[in-house]
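Below is one structure, written out as C-alpha cells; comments come after it.
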Protein chains: 2
Amino acid sequence: MAIGKPAQQAPAGEPTGRRQPLNRQRVLSAALAYADRHGLAGLTMRRLGTELGVEGMSLYKHVADKDALLDGIVELLWAEVPAGPAPDAGWRQALRNFADGLYRVFGRHPIVAPLIATRNFVNIEVLRRYQAYLELLRQTGFDRRRGLDAIGAVVGQGVGYGLLALRYTDPAPQTAEPESNLQRIRRITRTLPADVPDPLVELAVDLTSECDTDRCFAISIDALLAGLAPGPA
Amino acid sequence: MAIGKPAQQAPAGEPTGRRQPLNRQRVLSAALAYADRHGLAGLTMRRLGTELGVEGMSLYKHVADKDALLDGIVELLWAEVPAGPAPDAGWRQALRNFADGLYRVFGRHPIVAPLIATRNFVNIEVLRRYQAYLELLRQTGFDRRRGLDAIGAVVGQGVGYGLLALRYTDPAPQTAEPESNLQRIRRITRTLPADVPDPLVELAVDLTSECDTDRCFAISIDALLAGLAPGPA
DNA sequence: ACCTGAACACCGTTCAAGT
DNA sequence: ACCTGAACACCGTTCAAGT
C-alpha cells in the first residue's frame, strides 16, 4: 500500500532543501512516526527507506541493523518523559510525575510504546532519568539501594498500567474511523471460542469500556507512594 | 541451525506411537516450548513444523495464521496462573496470589511472557480468572466497577513488575552458560554511547544486579492492597 | 481429513560498485 | 562520504494436488 513513486518531492519537513544527508536522529524519528501510523509490522527497512527518499539499504549507514533501530525508537519514547524532578517538588510528587509521564507515553504511542517493555530496557535516556530522580531521593534520606527500589516501583507501575490500558482497549488502532460500540464487541468476541458463556462475554465488553485505567493508575500510584518511605535498611 | 532430516523419529513426547494427527493444543504447546528455547525470532511456521515432524504449511490446518499462534501461546501462559481464589482466602490474600502467580510466569518464560503485554489481551483464560476473582470481590462488598478496577490494579502490577524484572536483567537468555559478571557489564555497556559518563554506567550495572524486583513487587502489591477498599462509589 | 510441493510476494542483510 | 543494484537466505501464506 502507498508504495508508488519514490517520493522525490520532499521527505518530511524540509520546505525546499534538496536532500540533506540522513543521520541517525532523522532516521529514528521517521521510524517512530512511521510505526505510529503504519504499525510495527509495517515498519520495514525498505519502506522506511522510501519514506525518507532513499533505498532501504542506505539506512545501514546510520543504524547497525533493525534491532538497533527499534532500540533507538525506545530511546526516543523515553525522551518524552520528564528528565528530572521539578525544582520545588517533594519526592512523592516528583515520583508521581515521573510515573505519570511514563504512563502517558503509552497513550500517545499506543502502537509503538510496548517496545519499551519488550526491547532492551537500559538505555541512555533511562539512565539519565534514574540518575536525576535518584539524586532527589538521596537528598531526602533514601540510601542508594532503597532509592533504586522506589524508582523501580514507580516505573513498574507506569509501564504496567500503560500497557494494561492499551490492552484493554486494544487492537483496532490502525483505521482512521473510530469504530462503533457494536463493532468493538464483535471484534473482541471474534477471538474467543464460539461456546464462551454469556457472562464472560459481558465481562469482556465491560473490560474494554467501563474500566477506568487512568483512575486505577492514580489510585495505585498513590497507594504505592504512601507505602514507600525514606531511610536505609 | 539444527535443520537436517525432518526428524522422523518421534516428535515430542510419544514413546512409540507413529504420528497421531496434530491438533491445536499440541501445536500451541510445541510453539511455547520452542520459543522458550529458541527465542521469538526463532519461532517460525516452517521450523515449528519440522519440530513437529511436519511441513510448516500443515500448521495452517490447526491455527489460522501466525498471529493466532502467538495469541494461543498467550492463553497457555495465562493458564499457568491460579484459576481462582483459594477456598478459604480473604480478598486481599486472593488478589495477592493472583498478582504473584502472574508475576511468576515472567520468571518461568522470560523470553515468551512479554507476549502477554503485547498481544491481544482479552482471551478466554483471562476472562475466566477475572470472573472468578470478581465473584469473590462482590461477595466482600465491592460493586462490579470497583471490583474490576481492583483486579486491573493488581494485574497491572503483576505485568509491570514481571516485565521490569526481565528488562533489568535482560537480554542474554539464549545461551546455556550463565555469563560472568564482567560479561554482563560489557554487554550492557555496549549498547550505550561511547562517551556515557561513569556514574551512569555504574547505575546501569547496579540496576542489573542490585535491584531486588521480587521485594519491590511484594512491597508495592502490599501497599496497593492496603490502599484498596470494598464498597461502591 | 490431513498433509505436501511449488509458488508468490515479501523480508533483513551483504557487498561490490557507483557518484 | 553516502547511496544504489543485485544478490542471498530466509519469511508467511495460498492453493492445487496428493494419500
Side-chain angles (χ1 to χ4, degrees), chain A residues 1-12 14 17-28 30-31 34-35 38-73 115 118-120 174, chain B residues 1-12 14 17-28 30-31 34-35 38-73 115 118-120 174:
Chain A
M1 326 74 182
I3 304 286
K5 299 299 175 62
Q8 278 289 44
Q9 299 309 70
E14 286 73 53
R18 188 57 293 162
R19 182 194 278 177
Q20 65 189 128
L22 288 177
N23 57 44
R24 189 181 127 94
Q25 271 311 307
R26 272 188 61 210
V27 170
L28 292 183
Y34 193 89
H38 300 93
L40 285 171
L43 177 63
T44 274
M45 298 301 276
R46 287 164 146 110
R47 294 220 269 256
L48 178 58
T50 76
E51 178 83 0
L52 286 162
V54 128
E55 296 298 314
M57 302 78 200
S58 308
L59 300 178
Y60 288 88
K61 276 277 165 264
H62 306 102
V63 292
D65 53 20
K66 195 177 181 186
D67 276 335
L69 183 76
L70 295 176
D71 287 338
I73 291 178
L115 290 178
T118 55
R119 304 289 318 175
N120 186 22
Q174 330 272 21
Chain B
M1 322 78 182
I3 303 287
K5 298 299 176 62
Q8 278 288 41
Q9 299 307 72
E14 287 73 55
R18 190 58 295 162
R19 180 195 280 178
Q20 65 189 128
L22 288 177
N23 57 44
R24 189 180 128 94
Q25 271 311 307
R26 272 188 60 211
V27 170
L28 292 183
Y34 193 88
H38 300 93
L40 286 171
L43 177 62
T44 274
M45 298 301 277
R46 289 165 144 111
R47 294 219 270 255
L48 178 59
T50 75
E51 178 84 0
L52 285 162
V54 127
E55 296 298 314
M57 303 77 200
S58 309
L59 301 178
Y60 288 88
K61 276 277 167 268
H62 305 102
V63 291
D65 52 19
K66 196 179 179 186
D67 277 335
L69 181 77
L70 295 176
D71 287 338
I73 291 178
L115 289 178
T118 55
R119 305 288 320 173
N120 187 22
Q174 329 272 21

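Chain naming here is simple, since letters A, B, ... match the order of the sequence lines and numbering starts at 1 in each.
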Can you measure Leu43(A) atom CG to dG12(C) atom P for me and round it to whole angstrom units? 8 Å
Rounded to whole Å, CZ of Arg46(A) lies from P of dG12(C) at a distance of 7 Å
In what stems does DNA chain C take part, counting only runs of at least 3 consecutive Watson-Crick or G-U pairs whose two distances fall under 3.5 Å? C:4-8 with D:12-16, C:12-16 with D:4-8
With sequence neighbours left out, what residues match Arg24(B) under salt bridge (charged side-chain N to carboxylate O under 4.0 Å, His left out)? Glu75(B)
Polar atoms only, N or O, under 3.5 Å: list the protein pairs with nucleotides 15-19 of chain D and their distances.
none

Side chains of Leu115(A) and Leu40(A), heavy atoms from C-beta outward: is any pair under 4.5 Å? yes
Within a strict 4.5 Å, meaning less than it, do heavy atoms of the Met45(B) and Val63(B) side chains meet? yes
Shortest non-hydrogen contact from Leu43(B) to Ala35(B)? CD2-CB, 4.2 Å
Where Ala30(B) and Leu52(B) come nearest, the two heavy atoms and their spacing: CB-CD2, 3.7 Å
Which pairs pass salt bridge (Lys or Arg N to Asp or Glu O under 4.0 Å) with one or both residues in residues 54-70 of chain A, sequence neighbours excluded? Asp67(A)-Arg119(A)
Once rounded to the nearest 0.5 Å, what's the spacing between atom CG of Leu28(A) and atom CG of Leu22(A)? 11.0 Å
Counting the atoms with a prime plus P, OP1 and OP2 as sugar-phosphate, which does Thr44(A) contact under 4.0 Å by heavy atoms, base, sugar-phosphate, or nothing? sugar-phosphate
Ignoring backbone atoms, test whether Arg47(A) places a side-chain nitrogen or oxygen under 4.0 Å from the OP1 or OP2 oxygen of dC10(C). no
For Val27(B), does its backbone N or O pair with a side-chain atom of His62(B) as donor and acceptor, under 3.5 Å? no
Interface with DNA chain D, restricted to residues 59-71 of chain A and to heavy atoms under 4.0 Å: Lys61(A), His62(A)
